[in-house]
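Residue numbers begin at 1 in each chain, while the letters A, B, ... track the order of the sequences. Owing to the predicted nature of the structure, the values given are computational and were not obtained by experimental measurement.
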Protein chains: 2
Amino acid sequence: MPHAHPPLPPAPFPAPSHDHARCVATALATAETLCGERGARLTGLRRQVLELVWESHGPIGAYDLLDRLRALRSGAAPPTVYRALEVLMEQGLVHRINRLNAFIGCAHPDAPHEGQFLICTRCGTTAELDEPAIAHAIEQRARALGFAVEHRTVEVTGLCPSCRPG
Amino acid sequence: MPHAHPPLPPAPFPAPSHDHARCVATALATAETLCGERGARLTGLRRQVLELVWESHGPIGAYDLLDRLRALRSGAAPPTVYRALEVLMEQGLVHRINRLNAFIGCAHPDAPHEGQFLICTRCGTTAELDEPAIAHAIEQRARALGFAVEHRTVEVTGLCPSCRPG
DNA sequence: AGACTATATGTTATAATGTTTCATTCATGA
DNA sequence: TCATGAATGAAACATTATAACATATAGTCT
């Protein structure tokens, strides 16, 4: 059994009608497991924030998260959200989309990585890729210039299969 | 003479000691020419802002620009800078680095394009690439997923040749 | 030139995003 | 149980960006 893949994450662009509650539940369960293995603490607050991030179908801003969090925790303030997000990002459970000043649940949190994102400008649905060809193309050119890569940000906007005409 | 290249822009990572005043002068002259050809108006203000952007060796934030601009125009306010930057970006004379909330002069303003950036985290020097292999790797994967690309953001941090050890 | 028009800039206020600081609470282990 | 460090609460503040409206300037037409 050379390829014992873990259960596959949702397809890059899930059907608009998919059972998103299930995505959320799976993501939370995975997060619990990973944090358990790592000795990281997925506290009530962090779990709530992660759940809110996942409940959004696309990237969601910190202040939108804050609004939603306040329904659960009346005293929530900006640092409440930002601190939780910081930990979640450290654990690779959430990614930041710089272009949008927004956050999204990581589709492949098992191993640390930096995602590559395809962001639909119409419906907001965002697919996370982890495409070696892209990373290699960047790495190769950087190396040729003597540049030692630390972090790669790849954020692509456009129209997802459901939104594009034709 | 099949390849009548325009004068080459500075190498991706210019030596720290290079004559930057010359870079600035060249960039401004090019901007004048391009705007003239296009019927775009490179006003005094826009020219000043473009010059300030170029005078910085790396990406520079809008409020840093504003501080410097105020030495030239006492009444300058945030919109003064942002509006100038907007026009300069429309003309492809300046790029925005989302990761840094900062702006940088475009190295190849002749044709419209989206740059790919290698940003040194130590000295701030930033190289602009326009590497088809990177764009193609992204394009190909997107196409395979049925995603129609509009804009590509590629921002890579790391250490430039002058700053990296060894 | 004079009047008209569109563009550009000045000015003030405000929105949106993100951080610092210090106090308090909570979990954990000696 | 008490000491410790981590997590959260709470208030203020910093940074980045835009909205709205007034004024000025440049280009055009007659």
Side-chain angles (χ1 to χ4, degrees), chain A residues 31-32 35-36 38-53 56 58-91 93-104 124 153 155, chain B residues 31-32 35-36 38-53 56 58-91 93-104 124 153 155:
Chain A
E32 293 280 10
C35 287
R38 296 169 184 169
R41 295 162 63 171
L42 189 61
T43 63
L45 171 62
R46 292 168 188 171
R47 200 189 143 92
Q48 282 177 328
V49 171
L50 181 59
E51 184 167 10
L52 290 173
V53 169
S56 167
I60 180 172
Y63 280 74
D64 280 353
L65 279 172
L66 179 55
D67 285 344
R68 301 184 190 187
L69 184 61
R70 280 185 166 140
L72 308 171
R73 305 193 158 230
S74 57
T80 313
V81 165
Y82 281 105
R83 288 192 289 222
L85 288 171
E86 188 183 355
V87 172
L88 293 171
M89 287 192 291
E90 281 167 11
Q91 293 300 319
L93 299 169
V94 164
H95 290 293
R96 177 184 172 93
I97 311 286
N98 280 300
R99 236 188 122 84
L100 304 178
N101 295 335
F103 303 85
I104 190 168
T153 295
E155 295 168 1
Chain B
E32 293 281 8
C35 287
R38 297 168 183 169
R41 294 162 62 171
L42 189 61
T43 63
L45 171 61
R46 292 168 188 171
R47 201 189 143 92
Q48 283 177 328
V49 171
L50 180 60
E51 184 167 10
L52 290 173
V53 168
S56 167
I60 181 172
Y63 279 74
D64 280 352
L65 280 173
L66 179 54
D67 286 343
R68 301 184 190 186
L69 184 61
R70 280 184 166 138
L72 308 171
R73 305 193 157 230
S74 57
T80 312
V81 166
Y82 280 104
R83 288 191 289 222
L85 288 171
E86 187 183 356
V87 171
L88 294 171
M89 287 192 291
E90 281 167 11
Q91 293 300 321
L93 299 169
V94 165
H95 290 293
R96 178 185 170 91
I97 311 285
N98 280 301
R99 236 188 124 85
L100 305 178
N101 295 334
F103 303 85
I104 189 168
T153 296
E155 294 169 1

- side chain to side chain contact (heavy atoms under 4.5 Å, CB included) with B:Glu32: which residues, sequence neighbours excluded? B:Leu42, B:Arg47

Atom pairs under 3.5 Å: protein N/O with N/O of nucleotides 17-19 of chain C:
from	atom 1	to	atom 2	distance (Å)
C:dG18	OP1	A:Arg96	NH1	3.0
C:dG18	OP1	A:Arg96	NH2	2.3
C:dG18	OP2	A:Tyr82	OH	2.8
C:dG18	O5'	A:Tyr82	OH	3.3
C:dG18	N7	A:Tyr63	OH	2.4
C:dG18	O6	A:Tyr63	OH	3.3

- Message: Which residues pass the side chain to side chain donor-acceptor pair (under 3.5 Å) test with B:Arg41, not counting sequence neighbours?
- Response: none

- Note on the structure: Rounded to whole Å, the CD-C1' distance (B:Glu86 to C:dT9) equals 14 Å

- Task: Give the minimum heavy-atom separation between A:Ala62 and A:Leu85, together with the two atoms involved.
- Result: CB-CD1, 4.4 Å

- Query: Quick one: are A:Arg96 and A:Asn101 in side-chain contact, heavy atoms under 4.5 Å?
  - Reply: yes

- Value in whole Å for how far the P atom of C:dT12 lies from CG of B:Leu66: 14 Å

- Item | Minimum side-chain heavy-atom gap A:Met89-A:His95 below 4.5 Å | no

Pair up each side-chain donor or acceptor in residues 65-77 of chain B with any protein partner under 3.5 Å, not counting sequence neighbours, and list the distances.
from	atom 1	to	atom 2	distance (Å)
B:Arg70	NE	B:Ala76	O	3.0
B:Arg70	NH2	B:Ala76	O	3.0
B:Arg73	NE	B:Gln48	OE1	2.6

- Item | For atom CG of B:Asn98 and atom C1' of C:dA16, their distance in whole Å | 15 Å

- Message: Checking B:Val94 against B:Ile104 for the side-chain contact (heavy atoms from CB on, under 4.5 Å) test, could you report, in this order, the C-alpha distance in whole Å, the side-chain angles of both residues, the deciding distance, and whether it holds?
- Response: CA-CA 6 Å; B:Val94 165; B:Ile104 189 168; over 6 Å; no

- Task: Could you list the residues that satisfy side chain to side chain donor-acceptor pair (under 3.5 Å) with B:Ser56, not counting sequence neighbours?
- Result: none

- Query: If the sugar-phosphate is the primed atoms plus P, OP1 and OP2 and the base is the rest, what is the B/S/- string for nucleotides 4-9 of chain D, using protein heavy atoms under 4.0 Å?
  - Reply: --SSBB

- Query: CD of B:Gln91 versus P of C:dA8: gap in Å, rounded?
  - Reply: 10 Å

- Message: Distance check needed: C:dA16 P versus A:Ile60 CD1, whole Å only.
- Response: 15 Å

